[in-house]
Chemist: 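Structure below; questions to follow.
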Amino acid sequence: MIKYIIKRVLWLIPTIAIVSLIVYFLMDLTPGTVVDTMISGDMSQEEIDELYRQYDLDKPVIYRYGKYMLGLLRGDLGLSQTTHTSIWKEFISKFPNTIVLSLGGMVIACLIAIPLGIFAARHAGSISDSITTGFTLIGMSMPNFWLGLLLIIVFSYKLGIFPVGGADSFPMSYILPAFSNSLVMMASTTRQTRSSMLDNLRADYLRTARAKGVSERNVIKNHALKNAWIPIITTIGTSLSRTMAGSAVIETVFSFPGVGQLTIDAVMRRDVTMATGCIILTTIIYVLILLLVDIVYAFVDPRIRSQYTAGSKRRINKKETVSV
Amino acid sequence: MKKVKRVLSLILVLVMLAGMLTACGTPANNTPSNVPDNGNAAEAKYKEDITIIMDGSLPSLNRFQTGVETNACQRLNWCLFDRLLYEDDNGNFKASLATDWSTEDGLVYTFKLRDDVVFHNGEKFKADDVVYTLERARDASGTTMNTYIGKYIDHVEAVGDYEVKVYLNTVYSGFLKTMSIPYASISNRKACEADPEQGMAVGTGPWKLVNYVANESVKMERNENYWGEKPKTKTLTWKFVKEALSRMLMLEKGEVQAALGLSSTADWPVIEKDDRYEFISGINGGVNYVCFNMTNPITSDINFRKAVASVMDRETYVETGYNGYATPFTDGAYWSLSVPGRNDKIPMIPFDTAKAKEYLAASNYNGEEVTISVSTTTAGNVTVAQLLQEALIGIGVNAKVNQTDASGLAALTMYGENKSMIVINIQPWPLGAMNLTAVFTPGVADNRASYSNDKVTELLQKVVVEIDDAKRDAMFKEIQALAAEDLAYLPMFCRTDGIGALKGVGGIRMQPSGFHDVSYIYMTEK
């Protein structure tokens, strides 16, 4: 298991290299540079050229990328090209807000989606099932920023329950953004739960369990749900990664100071080092979340756990055979 | 039956929960409780804490570095700092940190300084702080501060503690103006050298910095030791919110007392009509213009430019693009409407589609695609671009709109590599008359038309060093006339800048530069 985790972590290295290459070159292809955001109307061409030299923009992109990667190899993400502050410090100062938003969204999504999915599966074909399916369709189709604006109008403006934006007060400032963030995850998790549960509810072993007198509640909880977890966990894991990476829209709507907004601002200002640094860090988090999902599989499903340990057992057995 | 009971119980629980949530929240309050009663003539009382919501950003307190000189930065400079001079609404320079100033040759300026001013950290304001600030501006290459102020300075000398001599490297007729703008705010040497970040916020101004979170918020408290008039408000908080709807909702809820960056189409009409609010407005000195790439074979043709000029309907652009919140130009002079010295004898090419077709037929245009490039930063200008596109299609020009952001537009119109054709843009005028040089001087960033006229260039070089006001005025008028003949730039209008505020708010000084001075904001209470 440890070896498996180490292997997955090591895969991060080529992943980061590829991501940084793509981001850096894409930013370079975008019209305009960081210097263009700083030029004031009265600057002469010499002054502009001096600015270009300051930011190595007179050198080819491969030189700049190489310089950036050398710094990255030393663990240095560098400084923002616009604010000249440490990218790591800026990211870390905003990251807790994004993680709370994403985890909050996940908790809200799971609390609603899993029971709803189970309910829909148990009443498959009924009106409640149709309503649930309709809800998931709306949830997956509705843009979350639109929902965010709607929530602001109703709950912040009309009812005055929550603040309009910002992250000044915990937990009130976090509830509406987390809820908006959770919508797509809620919808996709509901569908997945319903689908997994349906597959399992029809299984023979459940018929056996019922025949043995196990209560319906225990049949669902201890038998069907346990076997349905794997695809549900996958959905939650990938949705969580996606909400973390895609929180920029929600952060903008709610003026929530998170990593998403930081990245968008960097892209708009053509701050290549900040944008690349934020995307690299987000990629690392994305990969680590998927790794966590894989580890959770092992806890949930003994068959998968044995696969992770099977490799080492086979090698031990081989050694014993050889020594014999 | 059991099932029905369960469902009913669930509904009851949900209703109770909803009731609790509604009860827990603050009640909806569209009418702020601190709106003064108009009928009560009691002694004015002022709200102690004011919060202002803004768009834009404040990425750093270190204003001597590139990339941080946003509008918000300049507004902050009004609050935290003073400058040597102060320019009143009539364009006259008044004493501020300097009590007196003089120059004999326009190369050396002598300023006598106040001796009763103290910085926020308790240090006395002295000539050495002026030396430090201005020489730092000189050395801060790549910053707007350097472009506007620093590049003209050779060195600065302290003569004792309360007199300073500024030696320019060339005569610069706009120098006194630059000493009055927020970029020329005076910092404390000791504070800046001790803490390059927080030390940058130590000034002599009416406000002291209490807390700052980059791009999120600024909190200030009144400087009780201020040498000048103290603000009526005790604490001032700024919040930066990107979403325009959120800004308006916060104002409507009474969470904030004033809001900048509201929408001129959606929000300003509401604020103007509603008695709960004040609408504080002023003209923005920036010139919204159409310009032509003078190195492009199609747009460099004078007949093509005349054809475009003949289909420009400025009133419609103002009504449709800016909801009427702009002042259209009525003559052909490229000159900000907020700056004295306009040559109002220059006629404008009148709107005439028949004439436009004649000009087009006389030009070398043969149906090629013509792009109108516009920055999406200003939504109103995107609408103007679309209206112009329609008008040009109407006379037979194959016009397309190319929307890009500010960086993209800058890259597109780079002098020497100008790839644009028609551009719609705004030129800010924070330096007043001197800003004209930026648009017409070859090789300068704001010369988006890649315009070059030897006579104009010669006059621009003379006007910068001419310290006689009347002669300088005459030269500016001549430049306007010459430029109008070339038609490289077609001025359209100057926008209105507006701030929405709750009833009772006052003390905001609107600036044509957009760096509105909120340092004396107050709100009267019952």
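Chain letters run A, B, ... following the sequence lines, proteins first, then strands; residues in each count from 1. Not measured: the values here are computed from a predicted model.
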Chemist: Which one, A:Ile153, A:Leu262, A:Asp265, A:Val34, leads in non-hydrogen pairs under 4.5 Å with chain B?
Modeler: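 Of A:Ile153, A:Leu262, A:Asp265, A:Val34, A:Asp265 has the most heavy-atom pairs under 4.5 Å with chain B.
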
Chemist: Is a donor on one side and an acceptor on the other found under 3.5 Å between the side chain of B:Thr413 and the backbone of B:Ala449?
Modeler: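 No; zero donor-acceptor contacts below 3.5 Å.
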
Chemist: Would you sort out whether A:Thr33 and A:Arg270 count as a side chain to side chain donor-acceptor pair (under 3.5 Å), showing the intermediate values?
Modeler: CA-CA 5 Å; A:Thr33 65; A:Arg270 307 293 193 274; over 6 Å; no

Chemist: Name the region of B:Asn62, side chain, backbone, both or neither, that has any atom closer than 4.5 Å to a heavy atom of chain A.
Modeler: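 Interface part for B:Asn62: neither.
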
Chemist: In terms of heavy-atom pairs under 4.5 Å with chain B, which of A:Val164, A:Val35, A:Ile152, A:Thr83 leads?
Modeler: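 Between A:Val164, A:Val35, A:Ile152, A:Thr83, the count favours A:Val164.
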
Chemist: Among B:Asp55, B:Asn215, B:Val218, which residue satisfies the side-chain contact (heavy atoms from CB on, under 4.5 Å) criterion with B:Phe240?
Modeler: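 One option only clears the test, and that one is B:Val218.
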
Chemist: Short question: side chain of B:Thr70, backbone of B:Ser57 - any donor-acceptor pair under 3.5 Å?
Modeler: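 Yes: the side chain of B:Thr70 pairs with the backbone of B:Ser57.
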
Chemist: Which of the residues A:Thr85, A:Val253, A:Thr252 is involved in the greatest number of heavy-atom pairs with chain B at under 4.5 angstrom?
Modeler: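 Answer, by heavy-atom pair count under 4.5 Å with chain B: A:Val253.
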
Chemist: For A:Lys67, does the NZ atom have more than 12 heavy-atom neighbours from other residues, nucleotides or ligands under 6.0 Å away?
Modeler: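 No, not enclosed.
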
Chemist: Are the ring centres of B:Tyr183 and B:Phe515 closer than 6.0 Å?
Modeler: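 Yes.
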
Chemist: Please look at A:Glu251 and chain B and tell me whether the side chain, the backbone, both or neither of the residue comes under 4.5 angstrom of a heavy atom of that chain.
Modeler: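 The answer is neither part of A:Glu251.
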
Chemist: Quick one: does A:Arg64's side chain get under 4.5 Å of A:Tyr55's, heavy atoms only?
Modeler: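 No, side chains not in contact.
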
Chemist: Give a yes or no on whether B:Phe64 atom CZ has more than 12 heavy-atom contacts from other residues, nucleotides or ligands under 6.0 Å away.
Modeler: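 Yes, CZ of B:Phe64 has more than 12 neighbouring heavy atoms, counting only those of other groups under 6.0 Å.
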
Chemist: Indicate the ring-plane relationship of B:Tyr289 and B:Tyr489, choosing parallel, tilted or perpendicular according to the 30° and 60° boundaries.
Modeler: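 Judged by the thresholds at 30° and 60°, the geometry between B:Tyr289 and B:Tyr489 is perpendicular.
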
Chemist: With a 4.5 Å heavy-atom cut-off (strictly below), which parts of residues 88-99 of chain A touch chain B? List them by number.
Modeler: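 Near chain B, by residue number: A:Lys94.
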
Chemist: Where on B:Thr437 is there a heavy atom nearer than 4.5 Å to chain A: the side chain, the backbone, both, or neither?
Modeler: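 Contact with chain A involves the side chain of B:Thr437 alone.
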
Chemist: Against chain A, label B:Thr143 side chain, backbone, both or neither, depending on which of its atoms sit under 4.5 Å from a heavy atom there.
Modeler: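 B:Thr143 touches chain A through backbone heavy atoms alone.
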
Chemist: Would you say B:Asn146's side chain and B:Ala137's backbone share a donor-acceptor pair under 3.5 angstrom?
Modeler: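 Present.
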
Chemist: With a 4.5 Å cut-off on heavy-atom pairs, point out which of B:Glu197, B:Met414, B:Met434, B:Lys151 contacts chain A the most.
Modeler: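 The candidate making the most pairs under 4.5 Å is B:Lys151.
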
Chemist: Quick one: which of B:Ala406, B:Ser60, B:Ala411, B:Ser217 has the most heavy-atom pairs under 4.5 Å with chain A, could you say?
Modeler: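 Highest number of heavy-atom pairs under 4.5 Å: B:Ala411.
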
Chemist: Pairing donors with acceptors under 3.5 angstrom, does anything connect the side chains of A:Asp36 and B:Ser407?
Modeler: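 No, no side-chain donor-acceptor contact under 3.5 Å.
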
Chemist: Quick one: are the ring centres of B:Phe175 and B:Tyr152 less than 6.0 Å apart?
Modeler: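 Between B:Tyr152 and B:Phe175, which both carry aromatic rings, the centre distance is not below 6.0 Å.
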
Chemist: Name, in order of residue number, those residues of residues 44-53 of chain A that have a heavy atom at a distance of less than 4.5 Å from a heavy atom in chain B; otherwise write 'none'.
Modeler: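 The stretch touches chain B at A:Ser44, A:Gln45, A:Glu47, A:Ile48, A:Leu51, A:Tyr52.
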
Chemist: Can you check whether A:Met27's main-chain N or O pairs, donor with acceptor, with A:Thr30's side chain at less than 3.5 Å?
Modeler: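 Between the backbone of A:Met27 and the side chain of A:Thr30 there is a qualifying donor-acceptor contact (under 3.5 Å).
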
Chemist: Kindly compute the distance separating CD (A:Gln81) from CD (A:Gln54), expressed to the nearest 0.5 Å.
Modeler: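 Reported value, rounded in 0.5 Å steps: 11.0 Å.
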
Chemist: Can you tell me which portion of A:Asp271 sits under 4.5 Å from chain B's heavy atoms? Options are side chain, backbone, both or neither.
Modeler: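 When you check distances to chain B, no heavy atom of A:Asp271 falls under 4.5 Å.
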
